[in-house]
Amino acid sequence: MSNPADQLYRIRHSAAHIMAEAMLERFPRAKIAIGPPIEDGFYYDFDLPRPVTDEDLKWVERRMKKIIGGNHAFTSREISADEARELFQDQPYKLELIDDLVNGRVDENGEHIAAPAETLTVYTQNRFTDLCRGPHVERSREIDPRALRIAFRPPAGAYWRGDEKRPQLTRIYGTAWNNADELQDYLERLEEARRRDHRVLGERLGLFTISPLVGRGLPLWKPKGTILRDTLERWLRDVQVDNGYEPVMTPHIGRLDLYRTSGHYPYYADSQYAPLEVDDDQFLLRPMNCPHHCAIYQSEMRSWRDLPVRLAEFGTVYRYEQSGELHGLTRVRGFTVDDAHLFVRPDQLVEEFQGVVRLIQQVFGTLGMTDFSARVGIRDPQSDKYSGSDELWQKATDAILLACRELGLEHRIEEGEAAFYGPKLDFIFRDGLRREWQLGTVQVDYNLPERFDLEYVASDDTRQRPVMIHRAPFGSMERFIGILIEHFAGAFPVWLAPQQVVFIPIADRHVAPAQELAAQLRPAGIRAQVDESRNRMGNKIRLAREQNIPYMLVLGDRDLENGTVSVRLRDDEDLGAMTLAEFAAMARRVIDGKLLTLQ
């Protein structure tokens, strides 16, 4: 949760402090770490003398509500580093934070790099004081105890500072809302989110698996999941070709010097795997596709008439993610990006940027993903992690803002959200459970062309520098499919469904005719199978619904006599009998139109 001015932010931030106070009463020897607000609540990390139990959590929640009822004031004061060290002398994690604050390594939430702090801020409520920059509610009764719940997620292990070599702490989650109705609505959505969990649905629908033998964070795509993924990729390739993109393929590794040139090494060294030694040279599993595409552009001289050059690739990249951060398909160690890089003349930049935005809107619209917002990420002027001159950064930022204005695209601007080489426009999608996900991204980059010394011959025969646009409508295919699974609850639009039709023979004598009919549908591009099991018809229909197969074609004696099939939809609607040709025409219309409905 990113807006400290928001009242809900203050409520949750204050509730985190109250939870820490109650936990210290329950566990007097506990050591406390940090406790920020998050998108749907708050958490606090504790080093506890023993495992926390359900009874502990119930006690803590009751105690929190009593503290809230005391209507305690949240007061702040500035203190010196020495005063802070004395105040938190028995809290080693706070002492480490104090040292980092004084040296400018983190801010008071233990997050971003900041300027060295001359003084520190602490907040006190009741009998609890915490190192914190705020803000908080003025008094504890601004928190509605009926809108508070802790352990709405099970306690989890969390390494201190996200480093698996550091102590593992216990993370206690809580959630707080403006009123009880908001809390109830959230808890219902949370239960629905559990039902839609892509990890559970992915296994149940036979889409993917993660094998400990292969390694965590490295998903294996089963046949059905591969059909789903391949269908998405084929469609986007077609859309890209229609928009003037050219396909390329590049290797999964490259010389370390390639990534030194691009700046990805050492900028992203913490998220990269160790270099490989090959023939007295060093190679790296690629963390990004853009350096490879720069090398393709660099392979031949271009004229101003050749630009824009639009290179597209579904390129697999590898990033080190800590074990505790891996999560199904949405946080993995190897993933494929629907990547493209456009090399354009400066006078083409705004128009090409707008073309990319329109393509992303087309992609989202086809999938029915219309609830999204736009965010322009610019660099944090206080940070030194960015590459390139102020002048080039300003040019890139101005181009994005101009493109948004001319498109009439509403957007917000956020400092610190830029890539290290340039500002970007991100699309934030809100799914069926109103959760926000960052998906499509478009970035303007003057820096990599400088780093790679990329050129084209201008109309006056001078050598000029192109500008790069990075874009990825889906981002990671793995993450995007995980989001799609949850958004559609596994009930994909027909064109994406791995299995579109299942024939359900009523008796064994109907199996062979069903196989013949299924074979007639496949040349029409309709994915059809036959349930040849010995289950009763009712069980076959139930299993097909559980697999979210869009169409069930029941075949019995009367259907064979009349030359028809009895059509049922996965939502249990019965469309009655129709000829196979009539059904095929209906299904093809739904598939070809990429409709979100079944008829």
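Hydrogens, waters and symmetry mates play no part in the numbers below; they use all other heavy atoms, side chains included.
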Checklist entry - With sequence neighbours excluded, what pairs up with F427 under the ring pair (Phe, Tyr, Trp, His ring centres under 6.0 Å) test? => result F372
Checklist entry - Which heavy atom of G490 sits nearest a heavy atom of L201, and at what distance? => result N-CD1, 4.0 Å
Next on the checklist: Please enumerate all residues that pass side-chain hydrogen bond (donor to acceptor under 3.5 Å, both in side chains) together with R62, with sequence neighbours excluded.
Outcome noted: none
Item to check | Within-4.5 Å side-chain heavy-atom neighbours: F208 and E203 | outcome: no
Next on the checklist: Just verifying a value: how many Å separate L439 CG and I483 CD1, rounded to the nearest 0.5 Å?
Outcome noted: 4.5 Å
Next on the checklist: Can you tell me how far apart CG (L131) and CD1 (I79) are? Round to the nearest 0.5 Å.
Outcome noted: 7.0 Å
Checklist entry - Can you find a heavy atom in the side chain of I210 that is under 4.5 Å from one in the side chain of V332? => result no
Item to check | Worked verdict on K65 versus E61 for salt bridge (charged side-chain N to carboxylate O under 4.0 Å, His left out) | outcome: CA-CA 6 Å; K65 292 178 178 180; E61 185 171 306; 3.5 Å; yes
Next on the checklist: Tell me whether the rings of Y44 and F128 are parallel (<30°), tilted (30 to 60°) or perpendicular (>60°).
Outcome noted: perpendicular
Next on the checklist: I'd like to know if E39 and R435 make a salt bridge, using a cut-off of under 4.0 Å between side-chain N and carboxylate O.
Outcome noted: no
Checklist entry - Looking at side-chain heavy atoms only, is the closest gap between C290 and D445 below 4.5 Å? => result no
Next on the checklist: Is there a salt bridge (charged side-chain N to carboxylate O under 4.0 Å, His left out) between R189 and D40? Walk through the geometry before answering.
Outcome noted: CA-CA 11 Å; R189 284 189 282 122; D40 58 355; over 6 Å; no
Checklist entry - With a 4.5 Å heavy-atom cut-off, do E391 and Y446 have their side chains touching? => result no
Item to check | Pairing residues for D181 by the salt bridge (charged side-chain N to carboxylate O under 4.0 Å, His left out) criterion, not counting sequence neighbours | outcome: none
Next on the checklist: Ignoring hydrogens and geometry beyond distance, is a side-chain donor-acceptor pair present between Q394 and D398 at under 3.5 Å?
Outcome noted: yes
Hey, can you pull the donor-acceptor pairs under 3.5 Å for the side chains in residues 26-34, sequence neighbours left out?
{"unit_1": "R26", "atom_1": "NE", "unit_2": "D56", "atom_2": "OD1", "d": "2.9"}
{"unit_1": "R26", "atom_1": "NH2", "unit_2": "D56", "atom_2": "OD1", "d": "3.1"}
{"unit_1": "K31", "atom_1": "NZ", "unit_2": "D90", "atom_2": "O", "d": "2.9"}

Item to check | Donor-acceptor pair, side chain of R319 and main chain of P287, under 3.5 angstrom | outcome: yes
Checklist entry - Mind checking what makes salt bridge (charged side-chain N to carboxylate O under 4.0 Å, His left out) contact with E321, not counting sequence neighbours? => result R331
Next on the checklist: Let's go through R166 and E96 carefully: what are the C-alpha distance in whole Å and the side-chain angles of both, what is the deciding distance for salt bridge (charged side-chain N to carboxylate O under 4.0 Å, His left out) to 0.1 Å, and is it a yes or a no?
Outcome noted: CA-CA 13 Å; R166 307 293 300 277; E96 183 177 328; 2.7 Å; yes
Checklist entry - Any ion pair linking E191 and R194 (charged N to carboxylate O, less than 4.0 Å)? => result yes
Item to check | Beyond-backbone contact of V137 with F74, side-chain heavy atoms, under 4.5 angstrom | outcome: yes
Next on the checklist: salt bridge (charged side-chain N to carboxylate O under 4.0 Å, His left out), that's the test. Do E546 and R204 meet it? Break it down for me.
Outcome noted: CA-CA 9 Å; E546 288 178 357; R204 197 190 88 199; 5.9 Å; no
Checklist entry - Is there side-chain contact between P219 and F335, with heavy atoms separated by less than 4.5 Å? => result no
Item to check | Whether S262 side chain and P291 backbone form a donor-acceptor pair below 3.5 Å | outcome: no
Next on the checklist: Assess, by modelled atom type and distance only, whether the side chains of W437 and D431 contain a donor and an acceptor separated by less than 3.5 Å.
Outcome noted: yes
Next on the checklist: Could you work out, with side-chain hydrogen bond (donor to acceptor under 3.5 Å, both in side chains) as the rule, every residue matching E192, not counting sequence neighbours?
Outcome noted: R195, R196
Checklist entry - Is the shortest side-chain N to carboxylate O distance from E138 to R10 below 4.0 Å? => result no
Next on the checklist: Would R171 and Y43 count as a cation-pi pair here, with the cationic atom under 6.0 angstrom from the ring centre and within 45° of the axis?
Outcome noted: yes
Checklist entry - Just wondering, do Q272 and L285 contact through their side chains at under 4.5 Å, heavy atoms? => result no
